[in-house]
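What's counted below: heavy atoms across the whole structure, side chains too, no hydrogens, waters or symmetry copies. What you are looking at is a predicted structure, and each value in this text was computed from that prediction instead of being measured.
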Amino acid sequence: MKPNPRFRRHRKLCGLAGLVKLLCATSLLAFAPNEWRQTQTLNVPAPGLVRVNLPATTLNAAQPGLEDLRIVDAAGNQVPYLIEHPVPDPESMLRSKEFRSTIEAGATRLILETGTTARIVGVSLETPASQFVKAVQVEGSHNGANWKKLAAGEPIFQLPGGVAKLRVSFAEAAWEFLQLTIDDRRSEPVPFTGAQLHRPRSTAPAETLPIAIKSRDEGLGVTRLALDLGAANLTVASLRIDTSEPLFTRSVTLSVPEIAEDGIRERTLGEAVVYRVEVDGRNEARLDIPVEQQIHAREMLVLIRNQDSPPLSINAVRGDRRLVRLIFFAHEPGHYSLLSGNSQCTAPRYDLSALSEQLKNAGATEVEASSLAPNPNYKAPEALAALTLTGAKIDIAKWKFRKPVPLTQSGVQQIELDPDLLAHALRDQSDVRLVRKERQIPFLLERTSISRAIQLTATPANDPKKSALSRWSLKTPQAALPITRLVCTAASPLFHRKMRLWEEVTDERGDKFPCELGHAAWDHVPTQATRQLIIQLDAYPQGDTLLLETDNGDNPAIELREFRCYYPVTRVVFKAAPNSAEPVWLYYGNREASAPHYDLSLVAGELLRADRSTVISGDEETLSSKAERAGETLTGSARYIFWGALGLVVVALLTLMSRFLPKPEQ
């Protein structure tokens, strides 16, 4: 017996009426809003449920989990609320109950028994084939005899580089049987071993997200885009790369800067492949990158791996973000205040949390929040006095080098550590300090995915006793540079060589011995476009001269050119204001120093999310004396001469002193 629709409608109305009654009975809470930095006005036209789509500015001002949001009515009472985060359910997949494959004249026919009465929106094929392009037709049936065409001429393909399209989509419907006819007239049949059915995903509201490209860095085969999302704490649904390139395939990695134990590091969010290819005269493109994650910082990083292809011409990066909704019950019309910007408060606990499911579908008045404005009643709590960002005193006597840091404006700053500093500092930069008037300025080290190139001076260094050996001496501008890769190009058209990179080091006794830094196998053929030859270093060099060599065997010597090395970029992120009377210095070069530990927990998020001013440090100044530096750099025979001379001086002094001692009585 079917339920009476009038009864169902009456029951629904009764439920909503009971819900409204419960909300009306909810007591308002006394509240003192003097610890919240920002406020927004909500103009409510009538009593009842109110829904507010939170703008990006509100999300940026609030805590990541929106724990500090508060609603206050005109009388100053706190109003309970609920937060909605509508996100789509992921598209589910299920395997077909039965899969049959037959090869006919010029076609491969696949029959699928779905085994489900659920609605489906597509089918993905499984194959071990690594490279093919086919056109497919899809038909659906309820009895396996009468068929309805769902899609025709849809391309499926598997191409080198991970580019693949094995899914065919069609209108949402329930089908007991599917028949796929794959066109084999232009190429040999390929095996298909199974199929996955796609069930539709739920929808969720989203809005366009304005994105600006802050910076673009071209590294070794990688384009790094730093995107400004305009606000922090946004749930990004997807990104889309806007490019006019006609044909390309690229693998893409998404990452975000994140606070780690030792500073700021880049955390990977996910990977995807974007492409625009031509298949049977049709252009197929995939330029969207799914994200569906909350980004706590304003910055998002896109790493496009070009390999041996030239960088893409990128016009823009577009995106969408998921909406965040706030629901509350207004007891009366009027002005309500939405407060945000309290980094120390915890999330409120309201009785409305049990009603979240009912309120999601309940009718409500849509209200827009006004622009963000400073809260006139705001008073900074005493705990925020720590935000002056002044560290402890420091004795700089053991630091050997320093650079001036010219500041021109207040706020969050960043300095990129240059090769001079990286060569003289400890490998992990744990001896780096920012100092103003003998006091430290707390900072964070940001280790990025950017690489900078350094050109090398190359000269032949062949051994006349080994005619089959080719060797190059590569001079770096500084000793002990933390380089990670050596790159060059080949002038010889055809070769296969095993390359070895090493340097000659001196131990404490003054003996010299070779130390291998890296090795690789290089191949080059005439039909291959000129490409970069790379050696990844397994260790950092100690000196300023690298030796690259290979055994040519019975082949002619190879020709290499355009030698360069790469080092990773590290930045110092800090907050300070200019003061001509008290300049800021960057100290480094203390072998006994350990990593600093600053109490940045209150402001780490601020340093990460704020717009930064880029500062370039000045010329290096040496603080240690010449005698001290000469003594530290003695090696080999010079060291033995030094200690021998010192021993002779000691013996002479002891002999001289013995003459002045009283002689014992006979």
Side-chain angles (χ1 to χ4, degrees), residues 91 93 106-108 110 121-138 150-171 180-196 198 213 216 218 220-225 237-254 269-291 302-320 525 527-532:
E91 188 178 79
M93 300 177 66
T108 299
L110 308 177
V121 293
V123 57
S124 290
L125 298 178
E126 299 171 349
T127 175
S130 59
Q131 186 171 352
F132 68 91
V133 177
K134 301 284 186 180
V136 61
Q137 174 179 286
V138 182
L150 305 180
E154 288 293 320
I156 57 173
F157 52 84
Q158 187 103 311
L159 301 177
V163 179
K165 178 179 179 290
L166 298 176
R167 171 175 172 167
V168 182
S169 300
F170 42 80
L180 287 79
T181 304
I182 300 167
D183 190 352
D184 295 330
R185 291 175 295 178
R186 298 185 180 182
S187 59
E188 293 294 322
V190 297
F192 292 94
T193 57
Q196 295 270 11
H198 294 264
I213 299 178
R216 174 171 179 158
E218 297 294 345
L220 184 59
V222 177
T223 299
R224 181 184 186 270
L225 302 177
S238 64
L239 297 178
R240 179 180 177 85
I241 295 178
D242 187 355
T243 176
S244 57
E245 299 283 351
L247 300 173
F248 67 90
T249 60
R250 296 289 190 278
S251 61
V252 177
T253 300
L254 301 180
L269 297 178
E271 298 182 347
V273 175
V274 295
Y275 57 81
R276 183 179 284 132
V277 297
E278 185 176 338
V279 180
D280 289 341
R282 294 177 53 176
N283 281 332
E284 290 289 327
R286 179 185 175 186
L287 303 177
D288 290 277
I289 307 170
V291 184
V302 179
L303 278 67
I304 305 173
R305 308 196 180 278
N306 304 304
Q307 302 300 331
D308 297 324
S309 302
L312 290 179
S313 173
I314 298 175
N315 305 321
V317 177
R318 311 185 190 279
D320 296 305
V525 295
T527 57
Q528 188 176 20
T530 302
R531 65 184 181 92
Q532 298 170 327

> What pair of heavy atoms forms the shortest contact from A272 to I289, and how long is it?
Replying inline: CB-CG2, 4.0 Å

>> Quick check: do V133 and R186 have side-chain heavy atoms less than 4.5 Å from each other?
In response: no

> Any sub-3.5 Å donor-acceptor pair from E245's side-chain atoms to S313's backbone N or O?
Replying inline: yes

> Do R167 and S169 have a side chain donor and acceptor closer than 3.5 Å?
Replying inline: yes

> With sequence neighbours left out, what residues match D183 under side chain to side chain contact (heavy atoms under 4.5 Å, CB included)?
Replying inline: A135, R185

> Taking only residues two or more places apart in sequence, or in another chain, which ones meet Q307 in a side chain to side chain contact (heavy atoms under 4.5 Å, CB included)?
Replying inline: R305

> Between atom CZ of R276 and atom CD1 of I241, what is the distance when rounded to the nearest 0.5 Å?
Replying inline: 10.5 Å

>> Among residues at least two apart in sequence or on other chains, which ones pass salt bridge (Lys or Arg N to Asp or Glu O under 4.0 Å) with D184?
In response: K134

>> Show the nearest heavy-atom pair for residues E284 and P155, with the distance to one decimal.
In response: OE2-CG, 3.1 Å

>> As a quick check of understanding, evaluate side chain to side chain contact (heavy atoms under 4.5 Å, CB included) for F192 and L180, giving each step before the final call.
In response: CA-CA 11 Å; F192 292 94; L180 287 79; over 6 Å; no

>> Rounded at 0.5 Å granularity, tell me how far OG1 in T249 sits from CZ in R286.
In response: 12.5 Å

>> Just verifying a value: how many Å separate L220 CG and Q532 CD, rounded to the nearest 0.5 Å?
In response: 5.0 Å

>> Could you measure the distance from the OG atom of S238 to the CG atom of D320? Nearest 0.5 Å is fine.
In response: 4.5 Å

> Listed by chain and number, what are the ring-ring contact (aromatic ring centres under 6.0 Å, His included) partners of Y275, not counting sequence neighbours?
Replying inline: F157

>> As a quick check of understanding, evaluate side chain to side chain contact (heavy atoms under 4.5 Å, CB included) for T223 and R216, giving each step before the final call.
In response: CA-CA 7 Å; T223 299; R216 174 171 179 158; 3.5 Å; yes

>> Which residues pass the side chain to side chain contact (heavy atoms under 4.5 Å, CB included) test with V302, not counting sequence neighbours?
In response: L225, L227, L239, V252, L254, I304

> Side-chain contact, heavy-atom cut-off 4.5 Å: H198 with M93?
Replying inline: yes

>> On a heavy-atom basis, which atom in T193 and which in P128 lie closest, and how many Å separate them?
In response: CG2-CD, 4.0 Å

>> How long is the straight-line distance from CD of Q137 back to CG of L150, given to the nearest 0.5 Å?
In response: 9.5 Å

> Which pair of non-hydrogen atoms, one from F248 and one from V277, has the smallest distance, and what is that distance?
Replying inline: O-CG1, 4.2 Å

>> Nearest 0.5 angstrom please: R224 CZ to T253 OG1, how far?
In response: 12.5 Å

>> Looking at every heavy atom in both A195 and L125, which two are closest together, and how far apart are they?
In response: CB-CD2, 4.0 Å

> Of all heavy-atom pairs between L159 and F132, which one has the smallest distance, and what is that distance?
Replying inline: CD2-O, 4.3 Å

> Backbone N or O of I314 within a donor-acceptor pair of the T243 side chain at under 3.5 Å?
Replying inline: no

>> Going by the rule side chain to side chain contact (heavy atoms under 4.5 Å, CB included), which residues pair with D242 if we only count those two or more places apart in sequence or in a different chain?
In response: N315, A316, R318

>> Applying side chain to side chain contact (heavy atoms under 4.5 Å, CB included) to E154 and V138, what does each step give before you reach the verdict?
In response: CA-CA 9 Å; E154 288 293 320; V138 182; over 6 Å; no

